[in-house]
Amino acid sequence: MKLSALIRKELGRIRADKRSLILLFSIPIILIVIFGLTTGGSTTKFFNAAIISRDEIPTYGDYTSNSSEYDEEFAGVFIKGLGSFGFQGYYPCPNEAAFLYAYEKNMELLRTEVIDVFLVLPEYFSEKIENETTNWIAYFVDGSDSQAISAIEVSMQEPISVFKQEIEMTENLTVLIPYLEFDVPFWEKQTINYAFPLTIPLIIIGTTMNLSCLSIVSDEPLPRMVITPTPKSSIILSKLIANLLIMVIQAGEIFIGTALFGLYVLGSLFELLLVLLGVGVAGVAIGLFVSSLTTTEQQANQLYIILFVVIMLFSGIYINPDDLPTAMQLIVYMFPLSHAIPLIYNITFKGLPLDYVRYFGLLILSAVYIFLAYIIFLIKKVEV
Amino acid sequence: MRKIEEQNSNEVVVDVQNLNVSFGEAHIIHDVSFQVKKGEIIGLFGISGAGKTTIIRVLTCQIKSKNWTGKVLVTDLTPEKKKNHQKILSRIGYVPQLELLNLYFELSPLINIETFASNYGMKKEEAQKVAEELFTILDIAEDTWTNALKKLSGGEKKRVSMAIGLIHSPDVLFLDEPTTGVDANKRYDILNYLKKLNRRLGTTMFVITHDLEAALVCDKTAILREGKLLAFDTPQNLIQTLPSKGLLARLTIEDLTEEMIEIIQEYEHCEKISRVGVSEVEIFLNNFEKNLNYFIDYLLEKNIKIVSMSRDVANFRRFFQILIQEQEEMERKEEKEKENIGRERREGRAIEDEREIEENNAANE
């Protein structure tokens, strides 16, 4: 009875503050919409490409056929038009001198940013396809743009897939980069989906921390509440439950929002939702911890920002925890995203089942923050 | 709810004996003792820093027992033991000075009441029933019960806050400065509501305030200064301790000056004089009835022109001022005496030192 009335009160307070309520539910959606619209296409960039073919060099020996037609077919894929690539030119090289000339010319085009990438088809390219042996393509890219490198790596899958489809090729075609085994398929919204494992939990943890970080510190009648028989544990529990209820709605909203923008999940959607809810629980727990630790709303807001930045930095995206000394690793693993992001990666890209050990680790971490919040609230001087 | 028949019983609800409160080196409360009986309204008066809030904090289990000594019983339970805290807190009510510390402004009066009532284990329906009764006594209009509190006036908020304090029919209701920040008219309204609630429900009330008008509704008043209890009795009894049982002459004097006040003070039967306005003084005389006429003759003799004169009985405000003044004078005297003793000692020591030097010099020679 006590607890349900306190929860009703907490929910009533949140509901009564219309402006905060609107922000609470609109900000995640606004963030997703902005993110989705700005990164909405298959890739963030459109690349200009040129193709040099050494397949035209006459060959003898190992290969019985020298049809020399698949290189042109490959170039044709570019000429017909692709989602990610524009076509600058095709340079068939019947001898070594022609290749050297084409190579130098394309390097210059790359340097002057007329093209973003040029591909080199090797000798025996067509023969290997005919003989159904493993083939490869090399490409040269402007290494000064690190974002372009990874974007081109991703985008390269598109012409290769189209080419393989057109010639009904079944064997592997190696690009001289590691073959992207667990990538987001080119027909999915790649950039947005590559970013989701970081952005979704960040949005959830940010909004849920924001939800609960003022719940104790802004509760002005709280000292009065303490002069009633209600134990402090009930007070903090009611705040936790009320915030968790709101969090479930927020996390669900974010989940649906991202799905509408083309969320790619190889594994179980339900398990992904479970992880996102786990992140939400962690956000609420850290928010409560912030709220119990601070004495003014300003302090709470400042600590919220600081912790949010630390959580982001220690998410495992910017710094690989395994590269850090053991003591630093312990600190990194005290923050929830270092557990949540690998879980999300495994479910979305690799289609792995939920790693329950790690998941419960995340929940236990949240429980630790809640426990700390409770202990601090117990010893906090609260008087009328 | 308890009814009026319980009022004025001899049952002691709050018993404080030799209470001392210290925080580290600071000794805040010094040997305070008083008793509150069931159904009484007790006013604890004092200027800021007197220690009123500290006493309430001890009684409401907000100060750790390591910080205080003495015998304290609230509804027969001592706040010294932590296991008693929940029981004590379930038997007392508290109305803080500021409504924002007691009310969720974004919620309605009824939701506020239900929330606090649930803290005492009351069911929603029961809480609503008691709330309706309290709101009726406190004249809180029914159409405001479900509106957000922020839409209510200051006076209405104050009354809702009082209703919250009383929702669980406490044995004692503690009110912290109930009239602070309220305009003069509403101040009397609030005091009247307190009396009304006390009469209708028989609730014992413990009011801490520096608003001396609150004494009008108090059965007993306690005056506190710098942590010491200077007086504790009914306002009437306290006033009776003044010269001539509180009878005074209020004079309006033409061109009143400080010299004139000194001349009046020199009159042999003048016990006390207080300036209460630009040209008004209140004078307490020894054996008032007998000496009043002689006193007027004395004034005429001294060329002090009386514009008007009335006789009256001192009120609690005057008693409070006189008591505090006396206390201050006494403290000043004590300080002076201490200073004198110190100076004498220092001088004595200096003379002794001089004598010793002279004796040493003489011995050397």
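Within every chain, numbering begins at 1; the chains are lettered A, B, ... in the order of the sequence lines, protein sequences first and strands thereafter.
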With sequence neighbours excluded, residues passing side-chain hydrogen bond (donor to acceptor under 3.5 Å, both in side chains) with B:Gln62: B:Thr60
Stepwise side-chain contact (heavy atoms from CB on, under 4.5 Å) check, A:Arg13 with A:Asp219: CA-CA 10 Å; A:Arg13 285 182 65 204; A:Asp219 191 345; 3.5 Å; yes
Would you mind checking which part of [X] comes under 4.5 Å of any heavy atom in chain A, side chain (CB onward), backbone (N, CA, C, O), both or neither?
X	result
B:Ile164	both
B:Ile111	neither
B:Arg91	neither
B:Phe105	neither

From CD1 (A:Ile216) to OG1 (A:Thr294), nearest 0.5 Å: 8.5 Å
SB check B:Lys158 B:Glu99 (cutoff 4.0 Å): yes
Polar side-chain atom of A:Asn243 near backbone of A:Lys239 as donor-acceptor pair, under 3.5 Å: yes
Selection from A:Leu222, A:Thr228, A:Asp17 maximising heavy-atom pairs under 4.5 Å formed with chain B: A:Thr228
